[in-house]
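Take a look at the structure below.
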Amino acid sequence: MKVYSEAWRKLFYILSAAIGKPQWFIVFLLGRFRLIRSFYLLLLSFCFHQKFERVDSHSIFKNLDVSRVVTDLREHGIFAGIFLPETVLRDLHQYVDSQYCFAGGRTNLGVRFSNKNELDKIYGKPFYVARFFNISANCPAILKLANDPKVREIASKYIGKPAIYTGSSMFWTYPIRNKSYDSDQQKFSQYHYDLDDFSGVRFCFYLSDVDFDSGPHVCIRGSHRKRSLLHTLNFLSRVQLESELRKVYQDDQFMTLKGQAGFGFIEDTFCFHKGEVPAKRPRLFLQLHFTANNYNRTEYHDYRDPDKLELFDFSSHHASLAAVASEARG
Ligand SMILES: O=C(O)CCC(=O)C(=O)O
């Protein structure tokens, strides 16, 4: 019964995408086929031959070799080993410390990081994720990264045309056992691939230290080039069981990315990937998304109407609990 209702939910999602975002729906239908993606790249190479931004001397990634990164990305779908300068990391931390994050990505559950455990207790189950919104518009360090000349050049060369920055996702993942209150968010902890566009790439950074116990990101190297037909033709789900993927990919293709705060990697999220559930410590993660086209209705997908963002009101929650208790006491 549950399987059927999940299938209906997905079908509904697909139909609403077809109506609401018809151009992205074409990506959804065709972008999963490698041949079509390669043809798209070929087409772009005719249209945009050499029309990319040139690197000037102001990139914050001084030692990053653009050609090597692009070659590695084409071959493996991932390039690991890009580091945020201390100053940028500090600016990002200062921004995070001054902001509310939204538990489960729900716009009515704004909390401070330090209050998140209290919210879990109130809801009776932990939240797995807490997301930051409107970061592209409000966080200068993120915009600085998104406009960095080397970031732009890598994204454009890989995508095959001047890349469009479509927004960022910045979020905490927390240690949980079993199901979280926001179980819909737990799908990112299972292997899946994303269909951002026919061509796209994400720049990912750890903003907290990440080891095996703090939910590292895992990527299946080379899986952007090789996909079983069964996985490709599954229009109802891009999520796959690890046991199925182990039948297709070699052990050495499963790449667990650990690193200190500031460590980064660049990924074609058409590769199978996931974020492990942290065993002990929460992880703060930032991804900048670049694609050939922007299919969102807003400039940045991290945008949420500020007038509709609500903070969870701990004091009125405690006040109403106290009122209930005193009523019970008579
Ligand atoms: O949390 C992670 O490391 C993965 C996130 C992810 O899979 C996604 O945003 O699509």
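For ligands, and for the atoms within them, numbers begin at 1 and follow the listed sequence. Along the sequence shown, the residues carry numbers beginning at 1.
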Quiz prompt | Option whose closest heavy atom lies nearest to atom 7 (O) of ligand 1, chosen from H192, K274, H217 | solution = H192
Self-check item: Protein contact of atom 9 (O) of ligand 1 - nearest heavy atom, named by residue and atom, plus distance
Solution: Q287 NE2, 3.0 Å
Quiz item: How far is atom 10 (O) of ligand 1 from its nearest protein heavy atom, and which residue and atom is that?
Solution: D194 OD2, 3.0 Å
Exercise. Measure from NZ or CZ of R238 to the centre of the six-membered ring of F28 and say whether it is under 6.0 Å with the direction within 45° of the ring axis.
Key: no
Quiz item: Looking at CD of E267 and CD of Q287, how far apart are the two atoms once the value is rounded to the nearest 0.5 Å?
Solution: 7.5 Å
Quiz item: Atom CD of Q190 and atom NZ of K274: how far apart are they, to the nearest 0.5 Å?
Solution: 9.0 Å
Quiz prompt | F171 neighbourhood, listing ligand 1 atoms whose heavy-atom distance to it stays under 4.0 Å | solution = 1 (O)
Quiz prompt | Atom indices of ligand 1 within 4.0 angstrom of R202 heavy atoms, with elements | solution = 8 (C), 9 (O), 10 (O)
Practice problem: Answer yes or no: are there more than 12 heavy-atom neighbours, outside Y181 itself, under 6.0 Å from its atom OH? | Solution: no
Quiz item: Can you check whether T173 has an N/O within less than 3.5 Å of an N/O in ligand 1?
Solution: no
Practice problem: State whether a side-chain donor-acceptor pair under 3.5 Å links R152 with N147. | Solution: yes
Self-check item: Region of K187 engaging ligand 1 - heavy atom pairs below 4.0 Å
Solution: neither
Exercise. With heavy atoms only and a cut-off of under 4.0 Å, state how R283 meets ligand 1: side chain, backbone, both or neither.
Key: side chain
Self-check item: Pair Y193 and H231, ring centroids less than 6.0 Å apart
Solution: no
